[in-house]
Amino acid sequence: MKITFAGNKKVKVHVKDFDIMTDQTKEHGGDYSAPTPIDLFLASLGSCSGVFVLNFLKQHNLPETVYLTLEPEWNISEYVIDKIKVFIHLPPGFPEKYENALVEVAKRCLVARHVKIRHEISVVRDPE
């Protein structure tokens with residue numbers, strides 16, 4: 001993964017064969033031309049849960065009109081998100097017998113599992 005700068009407050013992340021842009025909101029000096037890094041963090045969590053839900057829906061021939069929303073709760077004094085609620089929205093007539101299983105399968109998200117463990121993150125200068 002390579003991180004470069006793309007003008008004003010834009011940051012480009014090159015990962016595998018993809019470029020992902022981030023920007024800051026206008027109130028933080030950016031142009032708000034792309035999601036913020038924290039938006040991408042939440043999107044990563046939501047899309048990960050979504051993949052597990054989608055796989056379950058496909059496996060059981062269930063309607064793919066189910067969708068997820070995330071509700072982050074900010075700890076303003078620490079300026080961090082300390083709670084994230086993932087809501088699974090079911091269409092009318094969704095078979096009740098699958099509701100609990102759908103919730104459990106969404107919890108298998110690898111991103112959520114990684115967030116739950118303490119990570120050692122080091123930032124160092126490249127010794128070249």
Side-chain angles (χ1 to χ4, degrees):
M1 205 177 289
K2 183 178 181 180
I3 294 41
T4 56
F5 308 109
N8 196 14
K9 299 277 184 122
K10 295 173 190 69
V11 176
K12 181 168 76 171
V13 180
H14 184 76
V15 55
K16 297 182 180 174
D17 293 331
F18 305 96
D19 287 331
I20 302 168
M21 292 297 295
T22 68
D23 199 354
Q24 293 297 306
T25 61
K26 290 184 181 203
E27 64 190 7
H28 289 104
D31 299 317
Y32 203 46
S33 63
T36 65
I38 200 71
D39 291 335
L40 290 182
F41 165 72
L42 293 168
S44 177
L45 176 62
S47 62
C48 179
S49 293
V51 166
F52 279 84
V53 168
L54 180 59
N55 287 340
F56 183 88
L57 296 172
K58 287 183 177 294
Q59 180 182 3
H60 296 281
N61 269 345
L62 295 167
E64 294 177 20
T65 53
V66 170
Y67 66 95
L68 286 70
T69 57
L70 272 67
E71 185 179 290
E73 292 183 21
W74 283 90
N75 177 332
I76 300 302
S77 64
E78 298 288 325
Y79 202 66
V80 295
I81 294 171
D82 59 7
K83 290 182 184 174
I84 303 168
K85 293 180 183 174
V86 178
F87 294 96
I88 301 173
H89 302 267
L90 304 175
F94 189 87
E96 188 177 330
K97 69 179 183 177
Y98 292 113
E99 290 179 12
N100 289 336
L102 205 55
V103 169
E104 290 307 312
V105 88
K107 291 179 183 178
R108 294 181 187 168
C109 166
L110 299 176
V111 174
R113 290 174 33 204
H114 277 82
V115 170
K116 291 178 183 177
I117 63 171
R118 184 178 170 98
H119 293 86
E120 181 179 325
I121 300 172
S122 60
V123 179
V124 298
R125 189 184 75 71
D126 184 7
E128 286 185 31

Tell me whether [Y] is reachable from [X] by hopping between hydrophobic residues (I, L, V, M, F, W, Y) whose side-chain heavy atoms are closer than 4.5 Å.
X: L68; Y: L110; value: no
X: I3; Y: V15; value: yes
X: L42; Y: I76; value: yes
X: V11; Y: M1; value: yes

Exercise for review: Report the C-alpha distance between L90 and Y98 in whole Å, list the side-chain angles of each, state the deciding distance to 0.1 Å, and finish with yes or no for side chain to side chain contact (heavy atoms under 4.5 Å, CB included).
Suggested key: CA-CA 10 Å; L90 304 175; Y98 292 113; over 6 Å; no

Revision key, fill the gap. dist F41:CZ -> I84:CD1 (nearest 0.5 Å) comes out at 4.5 Å

Exercise for review: Could you name each residue pair satisfying salt bridge (charged side-chain N to carboxylate O under 4.0 Å, His left out) that touches residues 74-86, not counting sequence neighbours?
Suggested key: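 Of all non-adjacent pairs touching residues 74-86, those that pass salt bridge (charged side-chain N to carboxylate O under 4.0 Å, His left out) are E73-K85.
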
Check your understanding: Can you list every salt bridge (charged side-chain N to carboxylate O under 4.0 Å, His left out) pair that touches residues 106-120, not counting sequence neighbours?
Key -> E104-K107

Review point. Can you list every ring pair (Phe, Tyr, Trp, His ring centres under 6.0 Å) pair that touches residues 66-95, not counting sequence neighbours?
Key: Y67-H89, W74-Y79

Point to revise | Non-neighbouring partners of E71 that pass salt bridge (Lys or Arg N to Asp or Glu O under 4.0 Å), sequence neighbours left out | key: none

Exercise for review: Go through the structure and list residues passing salt bridge (Lys or Arg N to Asp or Glu O under 4.0 Å) with K97, not counting sequence neighbours.
Suggested key: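 Expected list: none.
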
Check your understanding: For H14, what residues pass the side-chain hydrogen bond (donor to acceptor under 3.5 Å, both in side chains) criterion, not counting sequence neighbours?
Key -> D19

Review point. What pairs with K10 under side-chain hydrogen bond (donor to acceptor under 3.5 Å, both in side chains), at least two apart in sequence or on another chain?
Key: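 K10: side-chain hydrogen bond (donor to acceptor under 3.5 Å, both in side chains) contacts with D31.
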
Check your understanding: More than 12 non-hydrogen atoms from neighbouring residues, nucleotides or ligands closer than 6.0 Å to CG on D126, yes or no?
Key -> yes

For residues [X] and [Y], report the shortest heavy-atom separation together with the two atoms involved.
X: F52; Y: C109; value: CE1-CA, 3.7 Å
X: P91; Y: V66; value: CD-CG2, 3.7 Å
X: V111; Y: C48; value: N-SG, 3.5 Å

Donor-acceptor list for residues 32-40 side chains, cut-off 3.5 Å, not counting sequence neighbours:
residue	atom	partner	partner atom	Å
S33	OG	D23	OD2	2.9
T36	OG1	D39	N	3.2
T36	OG1	D39	OD1	3.4
T36	OG1	D39	OD2	3.0
D39	OD2	T36	N	3.0

Point to revise | By side chain to side chain contact (heavy atoms under 4.5 Å, CB included) - contacts of S77 (at least two apart) | key: N75

Point to revise | Minimum side-chain heavy-atom gap L45-V115 below 4.5 Å | key: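 No, every pair of side-chain atoms sits at 4.5 Å or beyond.
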
Practice item. Indicate yes or no: at least one non-hydrogen side-chain atom of L102 is less than 4.5 angstrom from one of L62. Key: no

Review point. Which residue pairs pass the side-chain hydrogen bond (donor to acceptor under 3.5 Å, both in side chains) test when at least one of the two sits in residues 41-63, sequence neighbours left out?
Key: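 side-chain hydrogen bond (donor to acceptor under 3.5 Å, both in side chains) check on residues 41-63 returns K58-E64.
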
